[in-house]
Amino acid sequence: MIEARRLHILRAVADHRTVTAAAAALYLTPSAVSQQLTALEQETGHRLVERGAKGVRLTPAGEILLGHTNAVLAQLERAEAELAAYSSGSAGTVTVAAFATGIGLVVAPALARLAVTAPGIHVRVQDAEGDASLPMVLDRQVDIAVAVEYRGAPAADDPRLTHVPLYAEPFDAVVPVTHRLADAEEVPLAELAKDPWIGQYPGNPCHDVVVLACENAGFEPRLEHSSDDFRAVVALASADAGVALVPRSALIGMDLTGVVVRPVDGVAPTRRVFAAVRRGAEGHPLIRPVLDALARAATGGVTSPDVP
């Protein structure tokens with residue numbers, strides 16, 4: 001008989017590619033993870049993983065079992081949800097990981113709504129970048145991720161996750177008031193090819209959006225300055241240190257002295273935001289109201305910042 005706990009460990013190893021990283025995500029020791037993998041191989045009668053200099057990879061038998069693992073774990077999530085509903089689980093804690101702008105735009109309004117509509121649900125919020133929150137959901141560190149689409153992110157049809165679209169927002173060009181395009185109604189990205197750029201660090205989903213938009217415009221941005229804090233990005237632009245693309249919602253309420261904010265000419269780069277839960281958990285009586293509240297908070301859309 002295969003133990004579900006060991007299937008979860010197998011998926012963590014497949015996701016993180018090393019025993020050490022999987023152990024850290026699961027709050028286990030590497031030796032405990034190795035022991036569970038060995039026990040799983042004994043249960044199945046197949047070698048499931050191969051260790052190499054670059055980490056761990058699944059064998060063909062391991063890949064077969066992983067496909068069933070995703071289905072089994074999703075069904076267990078559904079079972080937990082139905083049992084919680086049977087016992088009218090209307091009180092408990094739900095943990096949400098979200099990036100800072102998402103917290104302000106949808107998570108905080110959702111919490112305010114839940115305080116009225118579902119007072120028995122206590123929501124704990126953790127600040128996490130869009131690319132970090134999805135592994136936290138898969139590793140059962142949090143229940144819900146508010147994340148951003150990025151290159152390499154799990155697809156919407158990933159068997160491990162259920163996606164709930166929340167909102168999409170454009171990136172606007174932020175340039176110093178002294179910039180040659182400061183008076184333009186819209187900024188063509190190709191016209192910024194020779195400018196110094198201010199952007200996020202590699203790994204941040206917004207970095208991918210900006211680089212891809214510039215590539216589509218025919219150039220690679222020359223990143224002179226890096227910060228994951230949009231206020232720092234705008235401050236650097238106001239000091240004439242370079243130009244930037246910033247999600248529209250991140251500019252709301254920000255001091256824009258010294259810069260101008262303009263729409264991008266043509267098809268603007270876009271940040272698409274969604275909520276994600278482990279597949280099968282979307283019907284849980286504690287999680288479903290939080291997902292609904294997030295979706296409702298997102299229907300208001302993204303307003304434009306005050307442009308000087």
Side-chain angles (χ1 to χ4, degrees), residues 99-102 104-105 129-134 147-156 165-274 301-308:
F99 56 98
T101 308
L105 194 63
E129 289 298 335
D131 58 330
S133 57
L134 294 177
V148 179
E149 290 184 4
Y150 60 94
R151 287 190 285 191
L166 294 179
Y167 64 91
E169 62 173 321
F171 281 62
D172 289 324
V174 178
V175 301
V177 292
T178 56
H179 195 273
R180 64 189 180 280
L181 296 177
D183 294 330
E185 292 186 4
E186 295 182 335
V187 173
L189 282 186
E191 295 295 319
L192 303 177
K194 295 183 179 180
D195 285 87
W197 278 73
I198 310 158
Q200 287 66 54
Y201 287 101
N204 186 309
C206 289
H207 174 89
D208 287 345
V209 173
V210 171
V211 170
L212 182 59
C214 293
E215 289 176 354
N216 290 337
F219 69 97
E220 181 178 347
R222 178 164 55 91
L223 289 170
E224 292 284 343
H225 311 282
S226 298
S227 175
D228 287 335
D229 186 330
F230 289 119
R231 293 185 183 277
V233 170
V234 171
L236 287 168
S238 70
D240 204 17
V243 300
L245 290 175
V246 177
R248 185 165 293 173
S249 66
L251 296 167
I252 297 173
M254 193 181 294
D255 181 6
L256 299 175
T257 304
V259 300
V260 294
V261 178
R262 297 289 184 262
V264 173
D265 184 32
V267 179
T270 301
R271 174 162 76 169
R272 291 177 173 81
V273 180
F274 61 93
V302 179
T303 60
S304 299
D306 295 328
V307 179

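Position 1 is the first residue of the sequence, and the numbers go up from there. The figures here come from the full heavy-atom set of this structure, side chains too, leaving out hydrogens, waters and symmetry mates.
The OG atom of Ser227 lies 7.5 Å from the CD atom of Gln200; values are rounded to the nearest 0.5 Å. Atom CG of Leu105 and atom OH of Tyr167 lie 4.5 Å apart (nearest 0.5 Å). The structure places SG of Cys214 at 6.0 Å from CG of Leu245, a figure rounded to the nearest 0.5 Å.
The two atoms that bring Ala147 and Ser133 nearest to each other are CB-OG, 3.7 Å, heavy atoms only. Shown here for Glu149 and Pro205, the closest heavy-atom pair between the two residues is O-CB, 4.5 Å. When all heavy atoms of Arg248 and Glu169 are compared, the pair lying nearest together is N-OE1, 3.3 Å. When all heavy atoms of Ala268 and Thr270 are compared, the closest pair comes out as O-OG1, 3.1 Å. In this structure, Pro263 and Asp172 approach most closely via the heavy-atom pair CA-OD1, 3.7 Å. When all heavy atoms of Leu192 and Trp197 are compared, the closest pair comes out as O-NE1, 3.1 Å.
Shown are Val259, Val243, Asp195; of these, the side chain to side chain contact (heavy atoms under 4.5 Å, CB included) with Pro176 is made only by Val243. Of the options Pro170, Pro269, Pro188, a side chain to side chain contact (heavy atoms under 4.5 Å, CB included) to Val264 is made by Pro269 and by none of the others. Applying the side chain to side chain contact (heavy atoms under 4.5 Å, CB included) test between Val260 and each of Leu181, Val174, Val175 identifies Val175 as the sole match.
Counting only heavy atoms from C-beta outward, the side chains of Arg262 and Glu186 never approach each other to under 4.5 Å. Side-chain atoms of Phe230 and Ile198, non-hydrogen and from C-beta on, never get closer than 4.5 Å to each other. Proximity of Leu134 to Pro154: side-chain heavy atoms (C-beta onward) are separated by under 4.5 Å at one or more points.
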**Study point:** side-chain contact (heavy atoms from CB on, under 4.5 Å) between Ser249 and Arg271, intermediate numbers included
**Key:** CA-CA 10 Å; Ser249 66; Arg271 174 162 76 169; 3.6 Å; yes
Practice item. Go through Phe171 and Val210 one step at a time and tell me if the side-chain contact (heavy atoms from CB on, under 4.5 Å) criterion holds. Key: CA-CA 9 Å; Phe171 281 62; Val210 171; 4.2 Å; yes
Point to revise | Chi angles and distances behind the side-chain contact (heavy atoms from CB on, under 4.5 Å) call for His207, Leu223 | key: CA-CA 10 Å; His207 174 89; Leu223 289 170; 3.5 Å; yes
Check your understanding: Hey, mind stepping through Asp265 and Val187 against side-chain contact (heavy atoms from CB on, under 4.5 Å) and telling me if it holds?
Key -> CA-CA 5 Å; Asp265 184 32; Val187 173; over 6 Å; no
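Asp240 and His179 form no side-chain donor-acceptor contact under 3.5 Å, judged by distance and modelled atom types alone. Using modelled atom types, one finds a donor on one side chain and an acceptor on the other under 3.5 Å when comparing Asp255 with Thr257.
With hydrogens and angles disregarded, a donor-acceptor distance shorter than 3.5 Å links the side chain of Asp228 to the backbone of Tyr201.
Ion pairing of Arg222 with Glu220 is absent here, as no side-chain N (NZ or NE/NH1/NH2) approaches a carboxylate O to less than 4.0 Å.
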